[in-house]
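Here is the structure we will look at, set down as structure tokens.
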Amino acid sequence: EQHYDPQALQAKWQRRWEELEPFRGSDDPADTRERRYMLDMFSYPSGDLHMGHAEAFGIGDVFSRYWFQRGYNVLHPIGWDSFGLPAENAAIKRNAHPAEWTYANIETQAHSIKRYGISFDWSRRLHTSDPEYYRWTQWLFVRFFERGLAYRKGGLVNWCPNDQTVLANEQVKDGRCERCGAEVVRRELTQWYFKITEYADRLLDDMVQLEGGWPERVLTMQRNWIGRSEGADVNFVIEGRDEPVTVYTTRPDTLYGATFFVIAPDAPLAEEIVSEDRREAFEAYRAEVAKLSDIDRLSTEKEKTGVFLGRYAVNPVNGERMPVWAADYVLSDYGHGAIMAVPAHDQRDLDFARAFNLPVRVVVHTGLADPGETGVATAGEGSLVNSGPLDGLSKAEAIRKITEVLAERGTGRAAVNFRLRDWLLSRQRFWGCPIPIIHCVDCGEVPVPDEQLPVTLPDLRGEALAPKGVSPLASAEDWVNVSCPKCGGPARRDTDTMDTFVDSSWYYLRYVDPTYEDGPFDVEKVRKWGPIDQYVGGVEHAVLHLLYSRFFTKVLHDMGMVDFTEPFTRLLNQGQVINQGKAMSKSLGNGVDLGQQIDAYGVDAVRLTVVFAGPPEDDIDWADVSPAASQKFLARAFRVMAEAGAASAPGVDVATGDLELRKVVHRTVDEITKLVESHRFNVAIARMMELTTAARRAIDSGPGAADPAVREAAEALAVMLSLVAPYVAEEGWERLGHPASVATAGWPTAEAALLVQDSVTCVVQVAGKVRDRVEVSPEISDAELEALALASEKVQSFLSGAPRKVIVRAPKLVNIVP
Ligand code: ANZ
Ligand code: ZN
């Protein structure tokens, strides 16, 4: 039977793979193979697999399967990032427990992933919502707490009074809740934070390790997110206040150009210093600003707003009095929450000055028109003017000089500032990892002792999970009230759960032994497997998961638990699958269902389509690709393998095979190897197609199916095809007479002797149609080739008289226009 039936192959081989388990990473100390750790970003269990998974897993599998074929000891695990809000919302709706929805979805996805044929080591599967896992998330939290890296502080957060919940900055649109449209208020809440800012410098500096291995765009995003800048802290006296106020500036050279002073309206300082006659206006303004997200506040498009606070600051270098304003474009938690405004050289200050008629004074002469007139601030190089002792200096010289002067006088100093904020990790949500802290009136924050971990979630379901403004855990009285581990007195558990990004910050370490009981991970095994050689996942995690994981790794390094400082040596961000030029969405009705695609074309055709569509980083428009064409190609490849298998037995002497075909095989193997190594997977597939065509021709109009070179071609095809079409490859391999699994059969090697090209095939077209092929030397000249082509009898039979034009592309193509 040489009919290609993808669904039958899937049923057959999925069962065989379950028995064979060809993809186990080996921890056997006697196993001396070189190790490779291949990681796919794990899945969130919301419903079944979708096209995005199909692409990410499909691309990741090319790496993993290639390494298996090359004989490495490969670790390629899979698990689920299984805490999170959607499970909770589903549970409220169905009056159920979030675990039911979560684990049902995990089973559905696991089933689909197995069908999709990804080379995962299923023995290492983990779920972050399992108590065996989150016990160790809690253990790590306690270690961070002990090191001063987890702490609680009060702060303003976005709060939706309707949904009774905290919102992320990204969920606030024009001051309203993205979901329900209610006006968002800022609420003062005491929350847990991780002190990621303490690692800001190292997060930046260690990026040198990632150059070349990570997409430049992700490195840039992280660099901007961390936002290191250099400048100076400058002290200003505010009339009537004893303590001077410090501002951070990247341009201390412009100090003589400061014409007013701005404080963030939500900074305590603004409230403290506002004069009595301005207090009412100030408070009204502050209430308006409280509705805005930082993103809104920093927008340069937004009209400038502010209120005069009725007070004056004194410039430390020239004694000038500057009015003090409160304005929303200054943020309370950046720098010191106050700035000196230099409208001539800072656009936002200039916009503000023009809106409120404040003076503009140029202090760096750049040769450009006066910003006071043009409305365009000048930020570039120039020489200092109107600046006393700095006059005539360049920007850099002036920065150095003024910083020295300020330091001598004790009114300032060089300073570094970061945009990065500490990581707010507490959530008032049920379906997450409980924070393992007990609050005691006498002892304060007491960590739950290690031997009492995990602190498991209480059994709440349905309505009990509905948002009430405080964490649902607070309503589980029996669970909340405990005795203090230190003094035994009455105490209460912390009722917040952790951001799910905490769970995913260390999962790649747990995979080496997910049942390990003596710590979060087996340190020795991580030493052997880590760090991850290749990570594959979406770019949407550029500054969240990928930054948090780097932070965790550094802390674990400092704890002596890992011997590397960067977790992911190489990173690939696959593109998105879109349809008709747009992201798939319910409202557009352009969704593509993975299950339906697989039912229609088979797993192999879908996988091949995904990888063949273009470079792995590019988006795939499903309207532009053809899984049907992929299926046709796979059917052709299948017939080549089946016919070769039927005509000859394994172990024939390939050296006696047809030389022309052998050369094609070895050249193709050589090219495909290089293409896979350089991640040009789509081009590698194009070469596999060419090899299939060459083998087909050898069978039909060449030496025939029994020729050893045909077998050689078919075997190479099976192995190489296994990277993207594992089912047909496995079946083909079996038809060729080999025991399963093709996945570990070994990558073919190209023989150098067969790579020398002594002739190439030149295609001769007449009016765009192929009419003949001639074997020529690769060095043939255009003129020689043209003569040779015109001499062909086949060609002549399509010509009546002299051709109008002959286009020659030596040595591969001649196109004759009759
Ligand atoms: C005076 C000045 C003059 C400034 C000039 C810039 C240009 P980066 O590079 O992002 O660190 N700034 C300081 N604290 C701020 C806050 N809390 N909210 C909003 N803006 C703040 O930016 C540092 C610059 O951002 C500082 O330098 C300050 O404006 C402003 F020609 O000081 B500059
Ligand atoms: Zn106590």
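Atoms within each ligand, like the ligands themselves, are counted from 1 in listed order. Residues: numbered from 1 along the sequence shown.
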Next item on the list: Can you establish whether the number of heavy atoms outside E517 located under 6.0 Å from its atom CD is more than 12?
Entry: no

Notebook entry, point to check: Is R217 atom CZ crowded by more than 12 heavy atoms from other residues, nucleotides or ligands, each under 6.0 Å away?
Noted result: no

Just to confirm my output: which protein heavy-atom neighbour is closest to [atom], and how far is it?
{"atom": "atom 11 (O) of ligand 1", "answer": "Y334 OH, 2.5 Å"}
{"atom": "atom 23 (C) of ligand 1", "answer": "T250 CG2, 3.7 Å"}
{"atom": "atom 18 (N) of ligand 1", "answer": "L331 N, 3.0 Å"}
{"atom": "atom 19 (C) of ligand 1", "answer": "Y329 O, 3.4 Å"}
{"atom": "atom 31 (F) of ligand 1", "answer": "H345 O, 3.0 Å"}
{"atom": "atom 3 (C) of ligand 1", "answer": "T254 OG1, 3.5 Å"}
{"atom": "atom 12 (N) of ligand 1", "answer": "I339 CG2, 3.4 Å"}
{"atom": "atom 26 (C) of ligand 1", "answer": "Y248 O, 3.6 Å"}

Next item on the list: Determine, step by step, whether E230 and R228 satisfy the salt bridge (charged side-chain N to carboxylate O under 4.0 Å, His left out) criterion, reporting the C-alpha distance in whole Å, the side-chain angles of both residues, the deciding distance to 0.1 Å, and the verdict.
Entry: CA-CA 7 Å; E230 283 177 21; R228 183 183 196 275; 2.8 Å; yes

Margin query: Please check whether A338 reaches ligand 1 - meaning an N/O of the residue sits under 3.5 Å from an N/O of the ligand, judged on distance alone.
Written below: no

What orientation do [X] and [Y] show, parallel under 30°, tilted 30 to 60°, or perpendicular over 60°?
{"X": "F194", "Y": "F552", "result": "perpendicular"}
{"X": "F352", "Y": "Y329", "result": "tilted"}
{"X": "F501", "Y": "H541", "result": "perpendicular"}

Does the side chain of [X] pick up a donor-acceptor pair with the side chain of [Y] at under 3.5 Å?
{"X": "E566", "Y": "T553", "result": "no"}
{"X": "D558", "Y": "Y199", "result": "yes"}
{"X": "W479", "Y": "D459", "result": "no"}
{"X": "T197", "Y": "D422", "result": "yes"}

Check: Heavy-atom distance to atom 6 (C) of ligand 1: which of L255, D346, N417 wins?
Finding: D346

Notebook entry, point to check: Is it the side chain, the backbone, both or neither of T249 that has a heavy atom closer than 4.0 Å to ligand 1?
Noted result: both

Item checked: For ligand 1, the portion of V330 having any non-hydrogen atom under 4.0 Å away -> both

Next item on the list: Report yes or no: does R187 contribute a side-chain atom to a donor-acceptor pair with the main-chain N or O of L189 at less than 3.5 Å?
Entry: no

Next item on the list: Report, in ascending order of atom number, the atoms of ligand 1 lying under 4.0 Å from any heavy atom of S229.
Entry: 8 (P), 9 (O), 11 (O)

Check: Got a second to check how far E477's CD is from L473's CG, nearest 0.5 Å?
Finding: 12.0 Å

Next item on the list: Could you name all protein N, O or S atoms found under 2.8 Å from the Zn ion (ligand 2)?
Entry: C440 SG, C443 SG, C484 SG, C487 SG

